[in-house]
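Start at 1 and go down the list; that is how both ligands and their atoms are numbered.
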Amino acid sequence: MKNKLRSSRVVIIGTGAVGATTAYTLLLRERISELVLIDANKEKALGEALDMNHGLPFTGGVKLWAGDYSDCADADIIVIAAGASQRPGETRIDLLKRNAGIFDSIIQNIVKYNDHGIILVATNPVDILSYVSLKKSGFPSNRVIGSGTLLDSARFRYLIGQNKKINPRSIHAHIIGEHGDSELPLWSLANVAGIGLEFSAEDREEIFNSTKNAAYEIINAKGATSYAIALALDRIIVSILQNEGSVLNVSTLLTDYNGVSDVYLGVPSIVDRSGVREVLDLKLSDEELAQFHASANKLKGEIANLDL
Ligand SMILES: NC(=O)c1ccc[n+]([C@@H]2O[C@H](COP(=O)([O-])OP(=O)(O)OC[C@H]3O[C@@H](n4cnc5c(N)ncnc54)[C@H](O)[C@@H]3O)[C@@H](O)[C@H]2O)c1
């Protein structure tokens with residue numbers, strides 16, 4: 001029997017490629033007791049719930065149903081994966097206008113029923129929509145989290161692992177900043193067993209470009225990304241519910257962090273039952289610092305145009 005926490009309810013809003021795959025991942029992992037699916041397209045949520053429930057004889061005892069916002073009342077974590085996704089050639093920022101609009105009603109509906117849970121945002125542009133969720137919910141910032149650059153860091157670790165022929169689980173490496181085109185790699189921190197990793201300039205360029213452009217490549221090939229983001233969301237959810245204190249590159253509100261304030265960006269953060277307990281203080285090189293500021297300023301410029 002897995003170490004399942006009692007009364008752990010997760011609600012997923014938006015049961016498209018990301019939401020449904022995340023639900024399926026949570027079901028297979030069996031670390032939660034209740035899972036609720038909500039979608040503007042009720043038939044879609046119903047169909048996904050039915051399909052997954054038929055797998056329960058082969059998994060464990062997660063109670064799963066298609067619900068509505070009143071089910072948020074007892075939720076420990078509410079995942080938002082609702083809204084438009086990138087079409088081939090679109091950037092994440094291109095989604096902002098369409099998705100900021102739907103967040104108004106989603107957040108209003110959540111806070112109508114829940115004042116104690118953790119909001120975990122996956123919808124893009126994830127950093128800006130996490131900030132929007134913070135402002136619209138009135139929740140403390142530790143309880144409004146974006147998936148941030150956790151997925152990008154996983155892609156980075158995978159590609160470094162391929163380059164060095166080492167299992168990516170043994171690679172420690174971080175992508176920080178926007179989950180998007182202005183993100184940056186921290187080469188100086190990439191290590192195996194505490195030993196720094198050396199790369200040629202060509203390898204660096206190839207690894208980082210492949211990391212940054214991974215979503216474009218997958219969306220061109222199959223229309224959506226789903227498996228790795230689902231595993232990343234599962235990692236955050238389990239770290240919260242099991243009070244792990246794992247260090248994850250989630251998107252969180254920065255306050256006087258390397259000279260950056262009042263914006264959400266992905267940085268290494270300690271995640272436990274309180275949500276983001278602490279942001280780790282990174283010592284950035286001058287070049288990294290300049291890139292990090294550019295990433296922050298890009299998102300702040302977009303936020304300034306929003307009605308918050
Ligand atoms: N954070 C990440 O790393 C990451 C990774 C992949 C995708 N994403 C983002 O996740 C989002 C979802 O992507 P997808 O591929 O699952 O899209 P999708 O089109 O497959 O699914 C979106 C779902 O949201 C539902 N929806 C739309 N408006 C809604 C509303 N107001 N309330 C409830 N449900 C609503 C739709 O009916 C649909 O089922 C996109 O914004 C995408 O860019 C983020």
Side-chain angles (χ1 to χ4, degrees), residues 11-25 36-49 51 66-69 71-72 78-110 112 119-133 136 145-156 175 177-181 183 211-237 248-252 264-266:
V11 172
I12 298 182
I13 302 171
T15 57
V18 173
T21 314
T22 302
Y24 187 60
T25 306
V36 184
L37 306 183
I38 298 176
D39 200 289
N41 177 351
K42 286 194 173 149
E43 283 291 303
K44 175 81 165 93
L46 271 172
E48 295 293 358
D51 194 5
D68 55 41
Y69 280 98
D71 291 309
C72 290
I78 298 149
V79 180
I80 310 179
S85 56
Q86 290 163 269
R87 298 184 202 111
E90 265 187 329
T91 70
R92 295 172 179 93
I93 294 287
D94 290 335
L95 303 172
L96 181 56
K97 282 218 167 64
R98 273 175 279 162
N99 287 343
I102 69 166
F103 264 58
D104 263 343
S105 66
I106 290 176
I107 300 293
Q108 258 180 43
N109 280 321
I110 293 171
K112 198 159 134 193
I119 296 176
L120 175 56
V121 181
T123 305
N124 278 318
V126 67
D127 307 286
I128 299 177
L129 292 177
S130 301
Y131 186 85
V132 169
S133 302
K136 302 235 175 233
I145 306 173
S147 60
T149 47
L150 186 59
L151 173 59
D152 317 72
S153 299
R155 289 170 171 154
F156 192 46
I175 298 285
E178 176 198 6
H179 168 60
D181 298 338
E183 66 190 23
T211 301
K212 194 169 65 170
N213 297 326
Y216 295 114
E217 194 182 340
I218 297 167
I219 287 166
N220 278 334
K222 57 166 256 196
T225 65
S226 54
Y227 301 114
I229 178 60
L231 285 162
L233 291 169
D234 169 79
R235 188 79 279 287
I236 300 169
I237 290 166
L248 304 172
N249 291 332
V250 292
S251 189
T252 189
Y264 267 67
L265 286 176

Atom CD of E217: over 12 foreign heavy atoms under 6.0 Å: no

Looking just at side-chain N and O atoms, do Y216 and D181 make a donor-acceptor pair shorter than 3.5 Å? yes

Check this for me: Y24, atom OH, are more than 12 non-hydrogen atoms of other residues, nucleotides or ligands nearer than 6.0 Å? no

Ligand 1: which protein N/O atoms lie under 3.5 Å from its N/O atoms?
from	atom 1	to	atom 2	distance (Å)
ligand 1	1 (N)	A122	O	2.9
ligand 1	1 (N)	S147	OG	2.8
ligand 1	3 (O)	H179	NE2	3.1
ligand 1	8 (N)	N124	ND2	3.3
ligand 1	16 (O)	A17	N	3.0
ligand 1	16 (O)	V18	N	2.8
ligand 1	20 (O)	A17	N	2.9
ligand 1	24 (O)	G83	N	3.2
ligand 1	34 (N)	A40	N	3.1
ligand 1	37 (O)	D39	OD1	2.5
ligand 1	39 (O)	D39	OD1	3.4
ligand 1	39 (O)	D39	OD2	2.7
ligand 1	41 (O)	A84	O	2.7
ligand 1	41 (O)	N124	N	3.1
ligand 1	43 (O)	N124	ND2	3.0

Residue pair S130 / D127, side-chain donor-acceptor N/O under 3.5 Å: no

For I106, does its backbone N or O pair with a side-chain atom of N109 as donor and acceptor, under 3.5 Å? no

Does a donor on one side chain sit under 3.5 Å from an acceptor on the other, for T149 and N249? no

